[in-house]
Amino acid sequence: MNALYVMLGLPAVGAILFVAIHNTRLAGWLNIGVSAASLAASVLLAWAVMQQGSLHNDNFLVDSFNIYLLVLTTFVGLTTAIFSRPYMQHVCEEGRCSTVRMRLYHSMFQSFMFTMLLALSTNNLGVLWVTVEGATLATVMLVSIYRTPEAVEAAWKYFILCGVGIAQALFGTILLYFAAQHVLVNPEEGLNWLTLQQHSAELSPTVMAIAFVFLLVGYGTKIGLVPLHQWLPDAHSEGPTPMSAMLSGLLLNIALYAVIRVKMLTDSSLAATQHPHMAGHLLMGFGLISFLIAGLFLHRQRDIKRLFSYSSIEHMGLATFAFGIGGPLATFAALLHMLVHSLTKSSIFITVGHATHIAGTQNIEHIRGLIRTQPTVGWGLLFGVAAIAGFPPFGIFTSEFLLLNATMQSWPWLSVLLLIGLGIAFAGLFRHLHPMVYGATPEGQSAVKVNMIPVAIQLLLVIWIGLAMPAFLAGWLDQAVQLISGKGLL
Amino acid sequence: MNLAQLGLLEQSIFVLVALALFLSFVLLSQARLTTMIHVFAWQGFLLALLTAIVAALGDNPHLYISALLTFLLKVLLIPAMLHRLIRRLELERHQERLQKQALVMMAGAALVIFSYWVVLPITHMELAHIRNVVSLSLAIVQLGMLLMVARRQVVAQVIGFMSMENGLFLAAVAATAGMPLVVELGIAFDVLVAAVLFGVFFFHIRDSIDTLDVDQLTRLSEEER
């Protein structure tokens with residue numbers, strides 16, 4: 001438990017500390033330090049969970065489902081911090097961002113980490129809502145940090161759409177609490193997830209069904225499910241690139257995590273009714289629509305960061321669809337997909353950040369010949385996109401293959417749609433990728449100082465997971481599968 | 001359910017919730033920003049009063065804290081902030097004719113009916129009158145959303161957003177006698193931060209597009225330009 005408090009405390013202290021640090025260089029290094037220390041704490045926590053099983057008290061809950069997301073969040077936080085230091089330095093030298101805004105940036109970076117880690121580790125569904133809303137508030141100022149009209153517009157859209165969306169989730173949470181109050185001896189514990197899980201079969205199915213719809217729409221806005229996704233490409237494309245990496249790689253996962261926690265309660269409450277799989281069917285529908293529509297939108301993008309944010313919608317749609325199918329195999333695929341997508345997508349955004357510095361623009365038509373100008377960036381982008389498009393031997397191939405198997409077992413005719421969608425998305429990515437990597441190099445394009453080590457580490461991890469998944473990871477995910485779907489896969 | 005059998009304080013809850021719904025309709029049709037802020041403050045006042053009544057009815061001392069918090073936040077602080085902002089933005093005389101007003105009001109009425117329909121399946125609860133309150137607060141949430149859709153002016157949109165929050169708070173207080181204190185404090189903190197950020201954004205939007213009309217925010221879209 002102590003490791004948990006350290007992990008939560010570090011970013012909270014960091015968020016306050018960075019307001020006071022005027023020296024941008026120092027703040028950049030300290031940001032890396034704080035992130036590295038949180039990663040160390042989360043690894044210690046993971047070790048403790050492996051030894052003793054789940055840890056919980058009244059306020060916090062760390063079990064096999066959220067521990068891997070906690071480690072993932074702190075890990076991607078660290079690699080993004082390593083990338084962000086020289087990147088934001090470069091942005092400052094271009095004069096797009098003043099020292100005052102850099103203080104805001106570093107402070108909000110750590111507040112964002114804090115809210116996400118708290119959202120994952122809390123045992124209270126109300127606190128979960130508060131922290132997810134807090135994560136929105138922390139990132140709104142980051143999206144508009146360049147103060148261009150586009151950035152302000154993107155931030156306003158993000159603020160309003162996510163604010164309205166998340167308000168629906170609060171209404172769902174209130175209904176959930178309402179249902180719990182009629183069941184529990186101590187109604188004050190009505191938002192405590194562990195208590196709710198013990199009594200979930202007694203919760204009123206009608207109230208839970210209504211509550212789940214509200215919660216899905218609310219948190220679904222944050223996952224970026226079509227048609228609630230309008231804010232996502234804007235916020236990703238106009239904000240600073242380290243932020244895009246964290247939004248895409250981490251925040252979307254957390255919203256999905258919240259939905260799945262609620263789905264577990266809803267499923268067991270509805271088990272005895274006429275529609276026992278209502279929650280799963282809703283997830284499947286939303287997931288599949290998001291996956292297909294985002295795949296089509298990939299084809300008409302002109303901004304490189306918008307391109308990859310649509311790809312995030314597509315992959316979150318896949319994970320949502322997989323959770324919707326339920327059953328051990330699909331759940332395993334979904335958990336694995338969340339993991340490998342985060343690793344790959346954040347590494348792609350880091351590479352894209354370097355590529356836009358080389359080309360001086362985010363417009364795809366003007367990013368050309370990366371592999372000749374700077375081979376590391378070119379190869380990084382090529383491998384990253386190959387991984388995200390689901391090529392073997394990358395881990396995304398594994399998770400998509402498992403998902404396809406699960407679909408064929410339970411909904412054979414949907415696997416056709418799935419395959420068509422994968423093909424559309426693949427084409428959408430590669431038609432843009434090919435000229436960017438191999439095209440004719442524009443005059444006067446020169447290499448910039450980059451640090452591709454985080455990208456290399458993340459992509460190697462994805463390959464490792466794809467080729468030979470370590471036994472401890474498989475065991476971990478299997479425990480989470482047991483928790484979510486009732487029986488394990490292995 | 002026989003309303004006359006309930007105690008006087010319990011009956012007053014219904015009156016207050018109905019008044020809050022009425023104020024949502026007033027917000028929807030009101031053209032002047034200054035008046036909208038006043039109406040919003042009154043809605044907050046009803047909320048604080050209702051919280052205090054629920055606290056007195058049950059044995060819920062922590063609800064007195066949340067009543068006080070609501071009063072400070074929604075009746076004093078946020079309206080004062082909004083008044084100051086519109087003075088600085090020179091919008092005191094700003095009037096906005098709602099386009100298709102009759103249609104918007106009809107849509108509002110339809111939303112109230114829709115809210116009743118959503119809550120209808122909850123039948124078995126021994127406290128059937130709570131269903132009424134839940135559906136009315138859902139209606140206030142939906143009307144807040146409608147206000148945000150119908151209005152083009154960012155300050156009016158923010159008032160819509162905040163009145164949505166009022167509806168949610170109403171549901172929490174009336175249906176479940178308030179959320180646990182830690183959650184309530186968290187929500188209040190989020191609302192406060194959101195209000196401050198909205199203020200900051202008014203100036204950013206005005207500086208970047210010279211107007212506070214959201215119809216002008218059209219730079220980012222999937223349409224071909």
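Per chain, numbering begins at 1; letters A, B, ... match sequence-line order. What you are looking at is a predicted structure, and each value in this text was computed from that prediction instead of being measured.
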Would you say [atom1] of [X] has more than 12 non-hydrogen atoms from neighbouring residues, nucleotides or ligands within 6.0 angstrom?
{"X": "B/F25", "atom1": "CZ", "value": "yes"}
{"X": "B/R206", "atom1": "CZ", "value": "yes"}
{"X": "B/Y116", "atom1": "OH", "value": "yes"}
{"X": "A/Y5", "atom1": "OH", "value": "yes"}

>> The test is side-chain contact (heavy atoms from CB on, under 4.5 Å); show your working for A/W129 and B/I187 and say whether it passes.
In response: CA-CA 9 Å; A/W129 183 88; B/I187 295 173; 3.8 Å; yes

Segment of [X] engaging chain A (4.5 angstrom heavy-atom cut-off):
{"X": "B/E165", "answer": "side chain"}
{"X": "B/V118", "answer": "both"}
{"X": "B/V158", "answer": "side chain"}
{"X": "B/F198", "answer": "both"}

So for [X], is it side chain, backbone, both, or neither that comes closer than 4.5 Å to the heavy atoms of chain B?
{"X": "A/T136", "answer": "neither"}
{"X": "A/E189", "answer": "neither"}
{"X": "A/A155", "answer": "both"}
{"X": "A/Q168", "answer": "side chain"}
{"X": "A/I210", "answer": "side chain"}
{"X": "A/E150", "answer": "both"}
{"X": "A/L125", "answer": "neither"}

> If you round to the nearest 0.5 Å, how far is CD1 of A/I160 from CE of B/M148?
Replying inline: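 It comes to 4.0 Å.
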
> Measuring from B/L168:CG to A/I166:CD1, what's the distance to the nearest 0.5 Å?
Replying inline: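 Output value for this atom pair is 11.5 Å.
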
>> One pair to check against side-chain contact (heavy atoms from CB on, under 4.5 Å): B/V200 and A/M141. What are the steps and the verdict?
In response: CA-CA 9 Å; B/V200 174; A/M141 293 310 282; 4.0 Å; yes

>> Tell me whether the rings of B/F201 and A/F159 are parallel (<30°), tilted (30 to 60°) or perpendicular (>60°).
In response: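 The arrangement is tilted - the two ring planes meet at 30° to 60°.
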
> Between B/P180 and A/L191, what is the shortest heavy-atom contact and its length?
Replying inline: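 Scanning both residues completely, I find the closest heavy atoms to be CD-CD1, 3.7 Å.
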
>> Please give me the minimum heavy-atom distance between A/F214 and B/L138, naming the atom from each residue.
In response: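 Distance-wise, the nearest heavy atoms are CZ-CD1, 3.7 Å.
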
> Should B/V154 and A/W156 be marked as a side-chain contact (heavy atoms from CB on, under 4.5 Å) after you check the CA-CA gap, both sets of side-chain angles, and the distance that decides it?
Replying inline: CA-CA 10 Å; B/V154 289; A/W156 180 257; 3.7 Å; yes

> Would a 4.5 Å heavy-atom cut-off, applied to side chains only, mark B/V134 and A/L175 as touching?
Replying inline: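 Side-chain contact under 4.5 Å: yes.
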
>> Tell me which of these, B/L197, B/V182, B/V193, has more heavy-atom pairs under 4.5 Å with chain A than the rest.
In response: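 If we count pairs closer than 4.5 Å to chain A, B/L197 comes out on top.
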
